[in-house]
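Single-structure report; data block below.
Numbering of ligands and ligand atoms starts at 1, following listing order.
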Amino acid sequence: MSKLFAPITFRGLTLKNRVMVAPMCQYSARHGVANDWHLVHLGRFALGGFGLVIVEATGVSAEGRISYDCLGLWDDAQIAPLKRITDFLRANGAASGIQLAHAGRKASSPIPWRGSFTETEAEKAELAFESWTPVAPSAERHTASYAMPMALDHEGMARVREDWVAATRRAEAAGFDMIELHSAHGYLLNQFLSPIANKRNDEYGGSLENRMRFPLSVARAVREAWPDHKPAFARISVTDWIDGGMTVEDSIAYAAALKAIGYDLIHCSSSGFDGAKIPVGPLYQVPLASAVRKGASVPTAAVGLITKASDAEAILERGEADMIALARQALDDPNWPLHAMRELEVADSYAAWPKQAGYAVRNKDRALGLTR
Ligand SMILES: Cc1cc2nc3c(=O)[nH]c(=O)nc-3n(C[C@H](O)[C@H](O)[C@H](O)COP(=O)(O)O)c2cc1C
């Protein structure tokens with residue numbers, strides 16, 4: 001019996017399996033509004049058998065977007081196109097999640113495949129180009145190539161928190177089953193948490209308790225605005241991989257506090273600040289998910305260069321995590337769960353395909369002598 005393909009329940013949501021698509025920015029929206037690209041990009045993962053599909057980092061405000069072409073939920077007009085996506089995912093057997101995000105000092109970034117702001121005037125008009133001054137815990141830029149941010153005062157922090165709450169309500173209106181609080185990768189909440197970016201000397205800077213104060217106040221406000229029967233996940237960078245940055249022990253304390261507020265799963269990523277020494281390799285972040293799971297007694301998701309079905313199964317078997325998240329491997333093979341079911345010999349994997357495809361794939365495999 002495969003653990004990977006056993007259902008799992010978080011509050012009122014039962015996922016058909018434990019494989020989820022990690023959020024992935026598409027840099028393909030205009031004015032924060034989802035379009036056909038997002039529907040097809042995300043929809044194919046439902047057809048491919050993922051139990052949960054998480055929509056990319058979605059700005060709670062225009063200033064909180066990573067780039068001008070990231071999705072947003074700061075305006076009611078952004079709800080309906082996302083509703084179309086959640087409806088499609090549900091109709092095709094996948095639950096829907098959305099990662100709510102504020103990029104802080106890493107907002108207004110260039111599109112990664114461009115590398116810098118290379119847009120011509122004509123492209124700027126077509127792509128709805130914008131650039132703006134970001135906000136952050138402290139007036140310290142991410143790197144020399146990023147804009148100098150404005151430090152948030154208490155009023156600004158309250159405004160950001162309200163933006164988060166309003167976006168949470170819009171996510172509910174858009175029909176999402178789950179929300180994920182983006183508290184990782186050197187974005188705003190992570191900037192408050194980490195001494196690398198947080199140089200404040202008020203009650204929001206200094207000790208770990210102080211640095212957690214603003215992220216936890218946002219987390220609490222979001223959880224209160226989100227229906228009780230729906231789960232909330234939080235994505236964290238378990239370590240900055242930098243001397244003097246957030247450590248695994250700090251993150252265990254943060255995860256425990258999130259759990260106490262009502263977060264149902266901690267999605268364990270890492271890093272986000274310049275100068276990190278990351279030991280990249282297969283399964284490199286799994287020990288982080290395992291440490292948080294044990295240390296904070298909270299369900300976790302493991303992510304990061306998980307590509308093989310046997311590894312995914314073994315991570316769950318060993319009790320290192322409760323969910324498996326795939327990002328680039330999902331892009332490489334949107335049918336990964338269906339293929340993994342076949343590899344792990346889950347009973348009648350063909351029945352898990354969309355009816356329009358399953359019988360035909362079975363016939364193909366029979367013709368090749370791969371199945372009876
Ligand atoms: C194209 C792309 C976009 C990404 N966008 C996001 C994002 O919106 N939010 C986030 O938390 N992580 C984002 N990530 C990180 C992934 O969710 C994931 O943590 C990382 O790629 C490691 O997993 P993988 O080895 O399975 O790709 C992105 C990664 C990629 C490749």
Does any donor atom in the side chain of [X] or [Y] lie under 3.5 Å from an acceptor atom in the other side chain?
X: T120; Y: K124; result: no
X: S2; Y: E313; result: yes
X: Y68; Y: E119; result: yes

Protein contact to [atom] [nearest heavy atom, distance to 0.1 Å]:
atom: atom 5 (N) of ligand 1; result: C25 N, 2.8 Å
atom: atom 30 (C) of ligand 1; result: M24 CG, 3.8 Å
atom: atom 11 (O) of ligand 1; result: R235 NH1, 2.7 Å

Identify, by atom number and element, the atoms of ligand 1 in contact range of [X], meaning under 4.0 Å from any of its heavy atoms.
X: H185; value: 10 (C), 11 (O), 12 (N)
X: L305; value: 24 (P), 25 (O), 26 (O)
X: V303; value: 19 (O), 23 (O)
X: A22; value: 17 (O)

Compare [options] and give the one whose heavy atom is closest to [atom].
atom: atom 9 (N) of ligand 1; options: Q26, E56, Q99, R328; value: Q99
atom: atom 28 (C) of ligand 1; options: A184, C70, P23; value: P23
atom: atom 21 (O) of ligand 1; options: A330, A327, A57; value: A327

Do the charged groups of D348 and R342 touch, with an N to O distance under 4.0 Å?
no
A quick test of your reading: do over 12 heavy atoms of other residues, nucleotides or ligands sit less than 6.0 Å from CD of E209?
no
What about the rings of H154 and Y204, do their centers lie closer together than 6.0 Å?
yes
Compute the centroid of each ring, for H267 and then for F233, and state whether the two points are separated by less than 6.0 Å.
no
Heavy atom of G304 under 4.0 Å from ligand 1?
yes
Using distance alone, decide if ligand 1 has a nitrogen or oxygen within less than 3.5 Å of any nitrogen or oxygen in Q329.
no
Establish, for the pair R65 and W132, whether the NZ or CZ atom is under 6.0 angstrom from the six-membered ring centre and no further than 45 degrees off its axis.
yes
